[in-house]
Trainee: 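Quick one: this structure, given as structure tokens, is what I'll be asking you about.
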Amino acid sequence: GAVVSQHPSRVICKSGTSVKIECRSLDFQATTMFWYRQFPKQSLMLMATSNEGSKATYEQGVEKDKFLINHASLTLSTLTVTSAHPEDSSFYICSARQVGEQYFGPGTRLTVT
Amino acid sequence: AQKITQTQPGMFVQEKEAVTLDCTYDTSDQSYGLFWYKQPSSGEMIFLIYQGSYDEQNATEGRYSLNFQKARKSANLVISASQLGDSAMYFCAMRDSTLQGGSEKLVFGKGTKLTVNP
């Protein structure tokens, strides 16, 4: 149990376009999901906390208008990178909370050309 | 603010031997949780082991054990009988509260790259 999926696993987009990443809890409901970003050979940095039915809470320094988060159901949160630039190229990982524990998705590797 | 420090960028171990990965933390909270995750080259984060700040016994999960020294604020991961498949990045992380209602945020260290040699 406690499986989290992400889609897509890899995406390449052109600079200036928007990209949507989905995070799904497959066998449990998650009122809270988290979005992390990981640059090469670095640690995971929390970007935002996604709460079902309410606005996401963003970490300091993360632009909420650039990284749009929607948590419309108890099993799905989406992260949209708007007007992507090459510096947004990174590995994006989500996690979903169940009974106090976080279960991570497999990650999405975004490359902006 | 909470902080996790992993001082070993890379570690090497011979297959079948034990290895210790260091982790120290800094927090003013009395209640917190400590985690270790494994991240292979494919990128997924694999949960290994958890230690609550009030747990009196060191956590163990199969070949993984956590050497929790609260006074020294350290939570080292010990992997016994290393296997080639253990080669990966290992991250220590802290959650700010073990109780419901805590922020549940995880703060990660910079990681240690473990290489198991045959």
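Lettering of chains follows the sequences in order, A, B, ..., and the numbering in each one begins at 1. Predicted model, so just to flag it, every value in this text is computed and none were measured.
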Trainee: Please check if the number of heavy atoms outside B:K73 that lie under 6.0 Å from its NZ is greater than 12.
Mentor: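 Buried by this count: over 12 neighbours within 6.0 Å.
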
Trainee: Could you measure the distance from the CD atom of A:Q102 to the CZ atom of B:F47? Nearest 0.5 Å is fine.
Mentor: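 Going from the CD atom of A:Q102 to the CZ atom of B:F47 covers 11.5 Å.
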
Trainee: Would you say that more than 12 heavy atoms from the other residues, nucleotides or ligands in this model lie under 6.0 Å from the NE2 of A:H7, or not?
Mentor: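 At most 12 heavy atoms, drawn from other residues, nucleotides or ligands, come within 6.0 Å of this atom.
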
Trainee: Answer yes or no: is there a side-chain heavy-atom contact under 4.5 Å between A:Q38 and B:F91?
Mentor: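 Yes, their side chains come closer than 4.5 Å.
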
Trainee: Search all heavy atoms of A:F91 against all heavy atoms of B:G43 and return the closest pair with its distance.
Mentor: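 Answer, listing the atom of A:F91 first, then B:G43: CE2-O, 3.4 Å.
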
Trainee: CZ of B:F12: more than 12 outside heavy atoms within 6.0 angstrom?
Mentor: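 Atom CZ in B:F12 is not crowded, with 12 or fewer foreign heavy atoms closer than 6.0 Å.
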
Trainee: Counting neighbours of CD on B:E56 that are heavy atoms of other residues, nucleotides or ligands and sit closer than 6.0 Å, is the number greater than 12?
Mentor: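 12 or below, so no.
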
Trainee: Under a single-linkage definition using a 4.5 Å side-chain heavy-atom cutoff for Ile, Leu, Val, Met, Phe, Trp and Tyr, are A:L44 and A:L79 assigned to the same hydrophobic cluster?
Mentor: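 No, because A:L44 and A:L79 fall into different hydrophobic clusters, even though each may have its own neighbours under 4.5 Å.
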
Trainee: Among the clusters formed by ILVMFWY side chains lying less than 4.5 Å apart, do B:L66 and B:Y64 turn up in the same one?
Mentor: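 Result: yes, single cluster for both.
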
Trainee: I'd like to check A:I93 versus B:Q39 (side-chain heavy atoms, cut-off strictly below 4.5 Å). Are they in contact?
Mentor: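 Yes, at least one pair of side-chain atoms sits under 4.5 Å.
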
Trainee: Working to the nearest 0.5 Å, report the span between CZ of A:F104 and CG of B:L106.
Mentor: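 Atom-to-atom, A:F104:CZ and B:L106:CG are 5.5 Å apart.
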
Trainee: Please check if A:V11 and A:V112 belong to a single hydrophobic cluster, counting links between Ile, Leu, Val, Met, Phe, Trp and Tyr side chain heavy atoms closer than 4.5 Å.
Mentor: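 The answer is yes; both residues are in one hydrophobic cluster.
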
Trainee: Measure distances from A:L46 to the heavy atoms of chain B and classify the residue's part below 4.5 Å as side chain, backbone, both or neither.
Mentor: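 Looking at A:L46, just its side chain touches chain B.
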
Trainee: Determine, using the 4.5 Å side-chain heavy-atom cutoff (strictly less than), whether B:V13 and B:L77 are members of one ILVMFWY cluster.
Mentor: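 Same cluster.
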
Trainee: Who among B:E44, B:M45, B:M89, B:K110 has the most heavy-atom pairs with chain A under 4.5 Å?
Mentor: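 Highest number of heavy-atom pairs under 4.5 Å: B:M45.
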
Trainee: Non-hydrogen contacts under 4.5 angstrom with chain A: give the residues of residues 111-118 of chain B involved, or none if there are none.
Mentor: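 Listed by number: none.
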
Trainee: Answer yes if A:Y58 and A:I21 sit in the same cluster of Ile, Leu, Val, Met, Phe, Trp and Tyr residues linked by side chain heavy atoms under 4.5 Å apart, and no otherwise.
Mentor: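 Yes; tracing contacts between hydrophobic side chains, which count when under 4.5 Å, links both residues.
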
